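Heavy atoms only: backbone and side chains are in, while hydrogens, waters and symmetry mates are out. Numbers here are sequence positions counted from 1. Keep in mind that this is a model prediction, so the values were computed, not measured.
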Amino acid sequence: MSVAWRKVILAPVSAFSLAWMLALSSANAQAPKNLAGKEAVACGAMVASSHSLATQAGLKILKAGGNAFDAAVAVQFALNVVEPMMSGIGGGAFFLAYEAKTRKVFVIDAREFAPKSALPGMFLDKAKKPIPFATRHTSGIAVGVPGTLKGLALLHSKLGSMPWAELLTPALRLSQKGLAAGRTLGRYAALSREKVCSKEAGGVFCPGDSPLEAGGWLVQPALAKTLEAIQRKKDTALYEGEIARAIVEAVQAKGGSMTLEDLKAYKPEVRPPLWGRYRNYRVASVGPPGGGLAVLEALGILESADFKSIPIRSAKKYHLLLEALRLVFADRSAFMGDPAFVGVPVRGLLDDNYLAGRHALIRMDKANDSVHPGKPAHSGETTHFVVADASGNIACVTSTIEQPFGSGIYLKKYGFFLNNELTDFDATPGGPNEPGPCKRPTSAMAPTLVLERGLPVLALGSPGGPTIIASVLQVLIHRLGYGRGLKDAIEEPRVFTSAYPSFSHEGGVPEGALERLRALGHVPNPMPTEIGNVQAIERDPKWHRYTGACDSTREGMAAGLSRLDDALPDAKERRGR
Ligand code: GLU
């Protein structure tokens, strides 16, 4: 499922959301599946991203002797150019890094935070009612202080090996020379006319007054200049000086209150990963404010299910998933928020007894029609890509500007969109995810790493707002619970729900299973839709062989380097430096 869906699913079906739902369902139904390049096997290194040109940018850096972290930086900058509606320097990200040398896993949390002036009731109107999502998502109040660039700079200074400026070269070339817009960009541009045909963005994204179509030529000279400035000045190019002033001006012109001090105050956080378990595997993901806690809770609730004895497309399997997801989403809204502001009962939610208690609430003869948060013990549109290198390092990254084309606020002179991430806060105050000064909104983003006997065997993640939790969970279950091959585990149709009784599903869920699910009390959405866009890399520890796989729903490409490629003279030379 695409990023645009997240609020649509949760919101009551307003005219706005219904229009989007119909538009996207029919667009999805028509989108041809492009399977070329979606799977690759190689012994040297691997990149899997949602765009072939971004994957190639990563490979270039790996070939030049860069490590997985260098390549991840190059992939993210390239994505900003080739998939500008999903992520970029105007947004935020979570990086999950495995450093082979130390066998350490850690997280860089580059999630956007709210300006210092943010108040719990900032999304309420005068009558104390939530401002409708259709209005608030393009307002300056929705824009969070961006984190991605600072996160990239931190990743590079901590673990990178190549000079920073070189990592921007592939993205810079793409923004100067241009590229043919992909089908995903064409699809989202058509659905986001107001954003792409604005006075500021129109010159780039709305040629001849109609949204850029697939195959149309996309050149971004303003973004190229910004990338050059970032080559020279690293993150200060954006957080101080003329670009910072332009950000603040654009946000304030749209009713927001972000200041230069807010930009200066932004700091990405290095955090330990959140550890969970699934059978013989240890699973590392991104704890609050990221979405890994929800994934691990759902995995824990489902750990005892013997999936091998449950047909993969049966009502029984979908029922189990839907029931577990509803229990987890009830807990998510009751307990999960920015840990700097609220005490998230992480241990309580992952406690074996608690998980068994949640599992016991699942009845096989009927959907649970009154799902409530549990009582855990208290103790104290987006993109995903993965890069793995010849030394065994892994960078697993989910990054976003929230809705497609973010807030729609485009800095014409500098060539990028600003996020609307603060719509991830609850509009109605009172809960753990209410807005607050310098607070990060709860995210569903969950780059996740699976380890077996201490070594990584699988890294994955997805975009899709709240559906991310369901996508990561289901690929883990298809791969680890059912033992399917990686590509099949990704392609297997997924389901999503966050509350009783409705759920969405991808094409391929058998009509007989939907019928049975209706009889149990679940209400399937009338039309299938895409859910998430998973990219993953698997490592065979015995043969040191990588398999990369990409979802078929975007222009993703997995590609690797054999040891031969990796041993190119220039790579050796560089490593020797
Ligand atoms: N804002 C979303 C989140 O952090 C990510 C954007 C999306 O994939 O919809 O959960």
(request) Give the C-alpha distance, both sets of side-chain angles, the deciding distance and a yes or no for salt bridge (charged side-chain N to carboxylate O under 4.0 Å, His left out) between R111 and E421. (result) CA-CA 9 Å; R111 178 77 166 163; E421 216 72 50; 3.1 Å; yes
(request) Spell out, as yes or no, whether a donor-acceptor pair under 3.5 Å connects the side chain of T398 to the backbone of G461. (result) no
(request) Without swapping roles, check the side chain of N420 against the backbone of V143 for a donor-acceptor pair under 3.5 Å. (result) no
(request) Evaluate the criterion side chain to side chain donor-acceptor pair (under 3.5 Å) for residue pair Q535 and S49; output intermediate values, then yes/no. (result) CA-CA 6 Å; Q535 266 64 244; S49 88; over 6 Å; no
(message) I'd like to know whether H522 forms a side chain to side chain donor-acceptor pair (under 3.5 Å) with R326, so could you lay out the CA-CA distance, the side-chain angles of the two residues, the decisive distance to 0.1 Å, and finally the verdict.
(response) CA-CA 11 Å; H522 304 278; R326 287 185 189 131; 3.0 Å; yes
(request) Could you tell me whether a side-chain N or O of N419 sits under 3.5 Å from a main-chain N or O of G406, the two making a donor and an acceptor? (result) no
(request) Can you establish whether the number of heavy atoms outside K366 located under 6.0 Å from its atom NZ is more than 12? (result) yes
(message) Tell me whether R277 is salt-bridged to E303, with the criterion being a basic N under 4.0 Å from an acidic carboxylate O.
(response) yes
(request) Measure from NZ or CZ of K158 to the centre of the six-membered ring of F106, then state whether that distance is under 6.0 Å and the direction lies within 45° of the axis. (result) yes
(request) Answer yes if the ring centres of F341 and F113 are under 6.0 angstrom apart, and no otherwise. (result) no
(request) Please determine if E538 and R479 form a salt bridge, counting it only when a charged side-chain N lies under 4.0 Å from a carboxylate O. (result) yes
(message) Is any side-chain heavy atom of Y98 closer than 4.5 Å to one of R103?
(response) yes
(request) Would you mind checking if D262 and K116 are paired as a salt bridge, meaning a charged N to carboxylate O distance below 4.0 Å? (result) no
(request) Assess whether side chain to side chain donor-acceptor pair (under 3.5 Å) is satisfied between S50 and T383, documenting all intermediate values. (result) CA-CA 7 Å; S50 57; T383 197; 2.7 Å; yes
(message) If you count every heavy atom of other residues, nucleotides or ligands that lies below 6.0 Å from N280 atom CG, does the total exceed 12?
(response) no
(message) Donor-acceptor check, side chain of D338 to backbone of R440, threshold 3.5 angstrom: yes or no?
(response) yes
(message) Does atom CD (E194) have a neighbourhood of more than 12 heavy atoms from anything else shown, all under 6.0 Å?
(response) no
(request) Starting from the C-alpha separation in whole Å, work towards a yes-or-no answer on ring-ring contact (aromatic ring centres under 6.0 Å, His included) for Y410 and F416. (result) CA-CA 6 Å; Y410 182 75; F416 63 95; 7.9 Å; no
(message) Could you tell me if R136 sits above the aromatic ring of F123, with its cationic atom closer than 6.0 Å to the ring centre and no more than 45 degrees from the axis?
(response) yes
(message) What I want to find out is whether K267 reaches D109 closely enough, with some N-O distance under 4.0 Å, to be called a salt bridge.
(response) no
(request) Could you tell me whether R358 and D331 have a side-chain N and a carboxylate O separated by less than 4.0 Å? (result) yes
(request) Determine yes or no for a side-chain-to-main-chain donor-acceptor pair under 3.5 angstrom, with H478 supplying the side chain and Q474 the backbone. (result) yes
(message) Once rounded to the nearest 0.5 Å, what's the spacing between atom OG1 of T428 and atom NZ of K128?
(response) 12.0 Å
(request) Evaluate the side chain to side chain donor-acceptor pair (under 3.5 Å) criterion for residues E506 and T529: first the C-alpha distance (whole Å), next the side-chain angles of each, then the deciding distance (0.1 Å), finally the verdict. (result) CA-CA 5 Å; E506 291 193 307; T529 188; over 6 Å; no
(request) Determine the sole option in R187, R554, R494 for which the salt bridge (charged side-chain N to carboxylate O under 4.0 Å, His left out) test with E530 is passed. (result) R187
(message) Tell me whether T442 contacts the main-chain N or O of M336 through its side chain, where contact means a donor paired with an acceptor under 3.5 Å.
(response) yes
(request) Report yes or no: is the cationic atom of K150 (NZ for Lys, CZ for Arg) closer than 6.0 Å to the six-membered ring centre of Y239, at no more than 45° off its axis? (result) yes
